[in-house]
Number of protein chains: 2
Amino acid sequence: MATIVEVARQAGVTASVVSRLLNGDPTLRIRAETRDRVLAVAAALDYTPNHAARALRRARAGTLGLAVHDLHNPVYAEIIAGAEAEARERGSVLLVADVNSLASDDETFRRVVQGGAIDGLMLQRDGDASDKVVARVAGSRVPVVILNERVRSPLSGVAVDDRRAAMLATRHLIALGHRDIAYLQVSGSNSRARDRRAGWQAAMRDAGLDATGRMVVGGVRPETGYRAMTDLLAAHTPPTAVFAGTLLAGVGALTAARDAGVSVPARLSVIGFHDGWFAEHVYPALTVVRLPLRELGRQAVRLLARRIDGAEAEQILVSSPEPELVPRGSTGPAPARRG
Amino acid sequence: MATIVEVARQAGVTASVVSRLLNGDPTLRIRAETRDRVLAVAAALDYTPNHAARALRRARAGTLGLAVHDLHNPVYAEIIAGAEAEARERGSVLLVADVNSLASDDETFRRVVQGGAIDGLMLQRDGDASDKVVARVAGSRVPVVILNERVRSPLSGVAVDDRRAAMLATRHLIALGHRDIAYLQVSGSNSRARDRRAGWQAAMRDAGLDATGRMVVGGVRPETGYRAMTDLLAAHTPPTAVFAGTLLAGVGALTAARDAGVSVPARLSVIGFHDGWFAEHVYPALTVVRLPLRELGRQAVRLLARRIDGAEAEQILVSSPEPELVPRGSTGPAPARRG
DNA sequence: GGCAACTGGTAAATCGTTTATCTTGATACC
DNA sequence: GGTATCAAGATAAACGATTTACCAGTTGCC
């Protein structure tokens, strides 16, 4: 590969000039013909600055870290897609690391975070491993942005309007005539869990309905949603509708209803949180509320970039595009009251 | 952050000693007490070698590139998970880049590939964008490993036994009494497409069945599988079973059957290729053949590491764990012959 | 006692960029 | 005519680590 010195040599100038020209140094005074000559040589040699050398000199890697939990969760895929696009547009590049490795493998953490391989880190707090990583990274010089959560001040975070979307979902069920609406709660203590629950409760209260006692942990995986739904259906008077706090719990709930012989949506309506391609391929197709996850990914990168440049911690709520109800087959009118 | 010079200073030696000690230089002669002192200081200062400096000096980034098409495809998620684990265990780190950006955005390609940000690249050839990337990267010094495909000699690649798995799937249907078995072909001209088709054909031939005329493009996405299945069902005598060359096409086929009012598995059996969590949550649960995708990801990283170290191009077939039939609800005995 | 071999390191040269500070000849100003 | 300014670059010092070559004492051997 051609180096900057080689370009300089062939253009008859010093490396300094090449560097300043290519980086657009405003203090550089250069004759037009010299500039053209340098640019021509750089193009001819297909000169590309060496990543490592630049990183060393600038004390900046040009790389953003993204800690991932489970790539199989479609919610992640969407956030990552947004982050990748934004990072690319800004000339950065995304480095992925498994959050469990970061938490449990000291060597990995040091290499990635302390060794300066990344300029900043994005991660979703979810479970002990991620909390551990947040704690450790807070003690380093690497700024961190929390994904998909409202956080308090020393931290930076970017979230979507979970509360509003949860209300949207619940109101949809209420509008269909449901009065006994259960909530499959997100596990963990974070704003996602709190806000979605709060949204459900608020919508229930607004409609004069009782929101107590109909809440059960649905988790973030199909299996947990399945179990939760199974338990609910085994109750004396099962709910006629269920709002699943996560997409995968919603899918699991649907499967549970089928296995229990409860027809959806005739006897039970199910609505999920966040959209994914397979929501159209379960049966019946899952009604969901869709949130701007891709945009969340983009904003996270922007915020992280600002923090790397020294800006203060910030909290961002991605409110556009707005949460949207996507009605599909899994929700329908409430069955006639048994009471 | 503490530098190697600072460690050396506090330990009363030169940086050379610290470097050689920490990197296990076998030619280094050092007194036990000096060694302990250096190690103690390094530990006390929590010394971590600077990524960029090391990369610059060694002319090696310590980073492996992974070009991704679509993170929503679960097959990818599994390969990535394997690659990430293996990379981490070897002290490398994974850098993800969207294959379309690499193909279409010149700037991105140069930064990532030519600038030395990665030591090697893994990608799945699938579509024009990826072919373009392969062509361009072949002209650089960066070694590339093709994922999930058997390739010819100048290239390196790692594949699973698509042919065998396809036979396994087809034989399962044959064993259930099906004789009219359609194949939803994978799109593109690659060994995945060829081998799966060949496996289907071989199994059909072995059973004395006709494999011609029952092949239609199913693609790699639910929508394409849906359309293909819809067309098949509209035929004069629809098949009684269908082998979908991809998981998502299988899911789409299932949905198509339902929308066409064809009950599965009573009138139509469907089997998919590769497993994914949602295969258990479609209705009926999708029978599939499972292949060692995670191991494929691991082997890809190993092969790439060898190539980076100068080894010749190689082709690898991941044959363990063996392809496995995972019977679920979408396949059943063939309906009584209409003829 | 002379030479070789070993011990326990040291010195210095990179790697490719960036950037603050100089230099040098020409022009402008008063 | 002396000085200040300016155009157009040149110089050189980092950034932090790795690696090759080398060296001063000390032992060992015959």
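Below, read A as the first sequence line, B as the second, and so on, with proteins coming before strands; counting in each chain starts at 1. Because only heavy atoms are used, hydrogens play no part in the values below, and waters and symmetry mates are left out as well, while side chains stay in.
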Tell me: CZ of B/Arg111 to P of C/dG16, nearest whole Å?
20 Å

In degrees rounded to 10°, what angle is found between the helical axes fit to the five outermost pairs at each end of the helix from C/dG1-D/dC30 to C/dC30-D/dG1?
50°

Strictly by ring-ring contact (aromatic ring centres under 6.0 Å, His included), give each pair with a member in residues 79-120 of chain A just once, sequence neighbours left out.
none

Among all residues two or more places apart in sequence or in another chain, which pass the salt bridge (charged side-chain N to carboxylate O under 4.0 Å, His left out) test with A/Glu86?
A/Arg90, A/Arg298, A/Arg302

Check ion pair A/Arg110-B/Asp46 (N to O, under 4.0 angstrom)
yes

Is the backbone of B/Ser191 close enough, under 3.5 Å, to the side chain of B/Arg150 for a donor and an acceptor to pair up by distance?
no

Contact boundaries on DNA chain D for chain A, cut-off under 4.0 Å to non-hydrogen atoms:
D/dA7 to D/dG16

Residues within residues 52-61 of chain A bordering DNA chain D, heavy-atom distance below 4.0 Å
A/Leu56, A/Arg57

State whether the side chain of B/Ser19 and the backbone N or O of B/Ala15 hold a donor-acceptor pair below 3.5 Å, judged by distance alone.
no

Please list every donor-acceptor pair under 3.5 Å in which a side-chain atom of residues 91-98 of chain A meets a protein atom from a residue at least two apart or in another chain.
| unit_1 | atom_1 | unit_2 | atom_2 | d |
| --- | --- | --- | --- | --- |
| A/Asp98 | OD2 | A/Asn100 | N | 3.2 |
| A/Asp98 | OD2 | A/Ser101 | N | 3.2 |
| A/Asp98 | OD2 | A/Ser101 | OG | 3.2 |

Does the side chain of B/Glu295 come within less than 4.5 Å of B/Ser320's, by heavy atoms?
no

More than 12 non-hydrogen atoms from neighbouring residues, nucleotides or ligands closer than 6.0 Å to CZ on A/Arg141, yes or no?
yes

Non-neighbouring partners of A/Ala52 that pass side chain to side chain contact (heavy atoms under 4.5 Å, CB included), sequence neighbours left out
A/Asn50, B/Ala55, B/Leu56

Non-hydrogen side-chain atoms of A/Val133 and A/Val144 separated by less than 4.5 Å:
no

A/Leu123 vs A/Leu66 side-chain heavy atoms within contact, under 4.5 Å:
no

Tell me, do A/His51 and A/Thr63 make a side-chain contact under 4.5 Å, heavy atoms counted?
yes

Side chains of B/Arg20 and B/Thr27: any donor to acceptor distance under 3.5 Å?
yes

Ring pair (Phe, Tyr, Trp, His ring centres under 6.0 Å) partners for B/His72, two or more places apart
none

Test side chain to side chain contact (heavy atoms under 4.5 Å, CB included) on A/Asp119 and A/Val142; report intermediate values, then the result.
CA-CA 6 Å; A/Asp119 296 327; A/Val142 173; over 6 Å; no

Describe the nucleic acid contact of A/Asp25 in one word from base, sugar-phosphate, nothing, applying a heavy-atom distance below 4.0 Å.
nothing

Contacting residues from residues 8-19 of chain B, given that a heavy atom lies under 4.0 angstrom of DNA chain C
B/Val13, B/Thr14, B/Ser16, B/Val17

Would you give a per-nucleotide map of nucleotides 21-26 of chain C, 5' to 3', where B means the base has a protein non-hydrogen atom under 4.0 Å away, S means only the sugar-phosphate does, and - means neither?
------

Tell me, which of residues 26-37 of chain A have any heavy atom that sits under 4.0 Å from an atom in DNA chain D?
A/Arg29, A/Ile30, A/Arg31, A/Thr34

Tell me: CG of A/Asn23 to P of C/dG16, nearest whole Å?
17 Å

Should B/Arg35 and B/Arg31 count as side-chain neighbours, where that means a heavy-atom distance under 4.5 Å?
no

Taking B/Gln114's backbone N and O only, do any of them form a donor-acceptor pair with A/Thr48's side chain (distance below 3.5 Å, no angle check)?
no

Please list, chain by chain and in numerical order, all residues satisfying side chain to side chain contact (heavy atoms under 4.5 Å, CB included) with B/Asp309, sequence neighbours excluded.
B/Arg60

